[in-house]
Amino acid sequence: CPRVETYSEAMLSRVARNAYRMPVNYGRPRPPEMVDIRDRVQVYLKEGRSWTSKNTVKIFSTGESVTYSRVEILKVRDNEVEYRVTELGADQKPLPGSEPQLVKLPLKVPKSGATPAPVAETITVKAGTFECMRSEGDFSGTKTFTWTSQKFTGLVVKQVSRSDTLESTQELVEFKE
């Protein structure tokens, strides 16, 4: 067992003089500031709500692939939402060998920096006509345009991503409140 010795008086005064220089969270990162995102994801806040999106991927050298994604809201709790995502084939039936994924969406997330202001637009997709906010971004050479519903915040009505080699489109085909 190691022997523990107490600080001498001289050492205690030296520690006391230098203690004010040490950061409060010495050795630990400061916890991030958290923000409530309920106002941005209202579409997820109603149990039983569901929607289906069509996903089309065009790879310029090989052709086109179509799948669907079905989202079903299962539980809404104080701090999170639990929902299920089922991947469907072009026939809108579950893909063989692909199990539905249970996802938990936290309703408080770390605060992030400012983003460019979205633009109001009305768009029509198979699921209907929606008043949306269009935002755009450029990530590693891929330009992405996203239209989210103004009425059901957090609901992606349409998203288009383009790069030199592919184009990907997600479009809402069904929405059940």
Side-chain angles (χ1 to χ4, degrees), residues 20 22-57 67-88 92 94-95 98-163 166-177:
Y20 73 91
M22 296 177 73
V24 174
N25 285 336
Y26 182 74
R28 292 185 308 248
R30 179 173 287 160
E33 181 182 347
M34 302 298 277
V35 293
D36 193 300
I37 61 167
R38 289 170 210 276
D39 61 332
R40 292 187 262 167
V41 294
Q42 290 176 356
V43 72
Y44 291 86
L45 300 179
K46 183 177 178 186
E47 289 181 9
R49 185 174 277 161
S50 65
W51 59 91
T52 303
S53 296
K54 179 180 180 181
N55 309 301
T56 306
V57 177
T67 60
Y68 291 82
S69 299
R70 177 121 180 106
V71 177
E72 301 165 89
I73 307 303
L74 304 174
K75 297 258 187 227
V76 178
R77 299 183 181 93
D78 288 339
N79 61 341
E80 70 182 11
V81 174
E82 185 176 315
Y83 63 97
R84 178 176 42 234
V85 179
T86 306
E87 295 301 323
L88 310 170
Q92 295 193 35
L95 286 171
S98 177
E99 294 295 318
Q101 299 296 309
L102 287 179
V103 180
K104 291 184 179 181
L105 171 68
L107 295 174
K108 287 195 176 186
V109 298
K111 186 176 183 178
S112 62
T115 56
V119 177
E121 289 185 0
T122 301
I123 66 167
T124 301
V125 294
K126 187 174 179 184
T129 300
F130 294 84
E131 298 295 321
C132 293
M133 297 303 289
R134 178 183 49 85
S135 58
E136 55 186 86
D138 195 345
F139 309 101
S140 301
T142 300
K143 187 85 168 173
T144 301
F145 298 90
T146 305
W147 290 263
T148 55
S149 171
Q150 288 183 10
K151 182 177 180 182
F152 302 103
T153 56
L155 177 65
V156 175
V157 176
K158 185 174 182 176
Q159 185 173 60
V160 177
S161 298
R162 291 186 186 101
S163 74
L166 79 101
E167 178 176 295
S168 172
T169 303
Q170 176 185 337
E171 191 170 292
L172 192 65
V173 294
E174 177 184 65
F175 180 74
K176 292 184 181 176
E177 217 180 326

Checklist entry - Going by an N to O cut-off under 4.0 Å, is there a salt bridge joining E171 and K126? => result no
Checklist entry - For F145 and K158, what are the C-alpha separation, side-chain angles and deciding distance, and is it a side-chain contact (heavy atoms from CB on, under 4.5 Å)? => result CA-CA 8 Å; F145 298 90; K158 185 174 182 176; over 6 Å; no
Checklist entry - Which heavy atom in T142 sits nearest to a heavy atom in S161, and how many Å separate them? => result CG2-CB, 3.9 Å
Next on the checklist: I'd like to know whether Q101 forms a side-chain contact (heavy atoms from CB on, under 4.5 Å) with R84, so could you lay out the CA-CA distance, the side-chain angles of the two residues, the decisive distance to 0.1 Å, and finally the verdict.
Outcome noted: CA-CA 6 Å; Q101 299 296 309; R84 178 176 42 234; over 6 Å; no
Checklist entry - Got V81 and L45 here, is their nearest side-chain heavy-atom distance under 4.5 Å? => result yes
Checklist entry - Between V109 and V35, is a side-chain contact (heavy atoms from CB on, under 4.5 Å) present by the stated rule, with each step listed? => result CA-CA 6 Å; V109 298; V35 293; 4.1 Å; yes
Item to check | Distance-minimising heavy-atom pair for L107 and D78 | outcome: CD1-O, 3.8 Å
Checklist entry - Where do T146 and T144 come nearest, in terms of heavy atoms and distance? => result OG1-CG2, 3.8 Å
Checklist entry - Taking all non-hydrogen atoms of both residues, which atom of Q159 and which atom of V156 are closest, and how far apart? => result CB-CG1, 4.1 Å
Checklist entry - Which heavy atom of V43 sits nearest a heavy atom of I73, and at what distance? => result O-CG1, 4.3 Å
Checklist entry - Under a 4.5 Å cut-off applied to non-hydrogen side-chain atoms, are S163 and K143 in contact? => result no
Next on the checklist: Quick check: closest heavy atoms across N55 and Y68, and the distance to 0.1 Å?
Outcome noted: ND2-C, 3.7 Å
Checklist entry - With distance as the sole test, does T148 use its side chain to make a donor-acceptor pair with the main-chain N or O of L155 at under 3.5 Å? => result no
Checklist entry - Below 4.5 Å, heavy atoms only, C-beta onward: do F175 and V157 meet side chain to side chain? => result no
Checklist entry - Aromatic rings Y44 and W51: how do their planes relate, parallel, tilted or perpendicular, breaks at 30° and 60°? => result perpendicular
Item to check | Reported CD1-to-CH2 distance for the pair I123 and W147, which is rounded to 0.5 angstrom | outcome: 6.5 Å
Next on the checklist: Under a 3.5 Å cutoff, is there a donor and acceptor pairing between the side chains of T124 and T129?
Outcome noted: yes
Next on the checklist: Please report the interatomic distance OG1(T52) to CD(Q92), rounded to the nearest 0.5 Å.
Outcome noted: 6.5 Å
Next on the checklist: Pair F130, F152 - check ring pair (Phe, Tyr, Trp, His ring centres under 6.0 Å), show working.
Outcome noted: CA-CA 10 Å; F130 294 84; F152 302 103; 7.4 Å; no
Item to check | R70 with E174: basic N within carboxylate O range, under 4.0 Å | outcome: yes
Item to check | Any donor-acceptor pair under 3.5 Å from K46 side chain to E177 backbone | outcome: yes
Checklist entry - Does S69 offer a backbone N or O that forms a donor-acceptor pair with the side chain of E87 under 3.5 Å? => result no
Checklist entry - Counting only N and O atoms by type, is there a donor-acceptor contact under 3.5 Å from the side chain of T153 to the main-chain atoms of D39? => result yes
Checklist outcome for this item: So CD of Q170 and OG of S53: to nearest 0.5 Å the spacing works out to 4.5 Å
Checklist entry - Any ion pair linking R134 and E121 (charged N to carboxylate O, less than 4.0 Å)? => result yes
Checklist entry - Would you call R77-E82 a salt bridge at under 4.0 Å N-O? => result yes
Item to check | Pair Q150-M133, side-chain contact (heavy atoms from CB on, under 4.5 Å): steps then yes or no | outcome: CA-CA 6 Å; Q150 288 183 10; M133 297 303 289; 2.9 Å; yes
